[in-house]
S.K.: 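Just passing along the structure, written as structure tokens.
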Amino acid sequence: MGVQGLLPFVSSASTEVSLEDYRGQTLACDASVWLHRGAISCARELAEGEPAVGFLRFPLRMIALLKRHGVRPLIVFDGGAMPMKARVDAARAADRESAKARGEFNKTVKITAAMTQQLIERLRQDGVEFVVAPFEADSQLAFLVQHGHAAAALTEDSDLLAYRCPSVLFKLSESGHARRITFAGLQHAQDSKGQLLFDGAWEGEWAAWEGGLFVAMCIMAGCDYLPSVPGVGVATAHKALRAGRTVERALAKLHSKRSGPPAPVAAEAYLLRALGL
DNA sequence: ATCGAGTGGATAT
DNA sequence: TCCACTCGAT
Ligand SMILES: [Mn+2]
């Protein structure tokens with residue numbers, strides 16, 4: 001899921017880059033999207049339990065693409081299931097079941113531990129480095145970049161920005177080009193009218209976003225771990241935080257303007273605890 | 001304007 | 001594992 005609507009919201013902060021820009025460097029690669037895309041090529045076989053290895057082709061091709069540009073791939077796999085993500089996991093399992101009933105095999109694709117293990121065996125043979133994250137790959141990718149083990153993360157997941165990953169590459173194409181968003185670059189993100197989103201409204205505004213408001217915005221707009229607040233997306237969360245300048249005042253503002261059923265209390269409690277407030 | 005639910009898509013020839 | 005797009009509701 002990621003943070004719904006976040007990438008379009010901050011797209012002005014993205015720049016076109018080439019893998020050539022990372023020649024001689026390491027990129028931490030999100031294995032899950034590559035595996036899913038690969039699995040589509042043999043979705044029916046996988047759905048019917050037939051032996052299949054075709055799903056390996058796409059990830060191996062992407063690794064070859066990186067190597068061709070002199071980039072060292074560090075493949076990051078999802079590890080254990082996150083207890084807090086059980087709600088989303090259950091919803092996806094139900095979606096897969098109904099898709100199977102309708103014969104839409106593309107939507108039944110589930111990456112199993114056995115499939116992950118097959119790719120890992122190939123990586124071992126090929127001498128490609130990899131790590132298995134304790135839980136989701138998202139936070140592991142951010143960690144690797146934050147600590148200098150990789151120059152950037154290569155993924156499709158907007159959650160990497162919520163995890164404050166310093167540099168993220170999205171939408172890699174066969175030509176070796178991608179869109180890069182750096183966390184620091186968010187300071188210059190603009191709205192459609194050219195106005196800065198996270199700086200310039202008051203003295204030191206960017207420092208406040210960098211120091212926690214941006215993460216709070218992502219959580220308020222909805223994450224996989226909590227039921228989202230109805231009617232609040234990225235834009236509304238951004239406006240409330242900008243007007244309130246603190247999470248507490250932003251939440252109070254949203255409460256006061258709220259119509260309809262009361263907002264879930266649990267989400268707010270978790271948010272405040274997550275932010276240490 | 002903004003949200004969110006629904007739909008379609010990612011492969012490969 | 002995710003995203004982009006459309007469209008009705010608010
Ligand atoms: Mn994620």
S.K.: Same cluster for Leu160(A) and Ile181(A) if Ile/Leu/Val/Met/Phe/Trp/Tyr side chains link at under 4.5 Å?
M.R.: yes
S.K.: Will you find, in the side chains of Thr155(A) and Asp157(A), an N or O donor that is under 3.5 Å from an N or O acceptor?
M.R.: no
S.K.: Would you say a side-chain N or O of Lys85(A) is under 4.0 Å from OP1 or OP2 of dC2(C)?
M.R.: yes
S.K.: Picking from dT2(B), dT1(C), dT11(B), which would you name as closest to the side chain of Lys239(A)?
M.R.: dT2(B)
S.K.: Between N or O atoms, less than 3.5 Å apart, protein on one side and nucleotides 7-9 of chain B on the other: list the pairs.
M.R.:
from	atom 1	to	atom 2	distance (Å)
dG8(B)	N7	Lys107(A)	NZ	3.3

S.K.: Counting only side-chain N and O atoms of Ser158(A), is one of them less than 4.0 Å from OP1 or OP2 of dC3(C)?
M.R.: yes
S.K.: Could you work out which one of dT2(B), dT1(C), dA12(B) sits closest to the side chain of Thr236(A)?
M.R.: dT2(B)
S.K.: Would you say the ring centers of Trp209(A) and His238(A) fall short of 6.0 Å from each other?
M.R.: yes
S.K.: In terms of side-chain heavy atoms of Leu7(A), which of dA4(C), dC2(C), dT2(B) is nearest?
M.R.: dA4(C)
S.K.: Do Met115(A) and Phe55(A) have side-chain heavy atoms sitting under 4.5 Å apart?
M.R.: yes
S.K.: Which nucleotide, dA12(B), dT1(C), dA1(B), lies nearest any side-chain atom of Phe58(A)?
M.R.: dA12(B)
S.K.: Short question: side chain of Ser12(A), backbone of Gln190(A) - any donor-acceptor pair under 3.5 Å?
M.R.: yes
S.K.: With distance as the sole criterion, is a donor-acceptor pair present between the side chains of Gln117(A) and Glu121(A) under 3.5 Å?
M.R.: yes
S.K.: Taking DNA chain B as the partner, which of residues 28-51 of chain A come within under 4.0 angstrom of it by heavy atom?
M.R.: Arg37(A), Ile40(A), Ser41(A)
S.K.: Same cluster or not: are Val229(A) and Phe9(A) linked, directly or through other Ile, Leu, Val, Met, Phe, Trp or Tyr residues, by side-chain heavy atoms under 4.5 angstrom apart?
M.R.: yes
S.K.: OP1, OP2 of dT1(C) versus side-chain N and O of Arg92(A): anything below 4.0 Å?
M.R.: yes
S.K.: Please tell me which of the listed nucleotides, dC3(C), dT2(B), dC2(C), lies nearest to the side chain of Ala235(A)?
M.R.: dT2(B)
S.K.: Examine Arg164(A) relative to Phe183(A) and say whether NZ or CZ is less than 6.0 Å from the centre of the six-membered ring and inside a 45° cone about the ring axis.
M.R.: yes
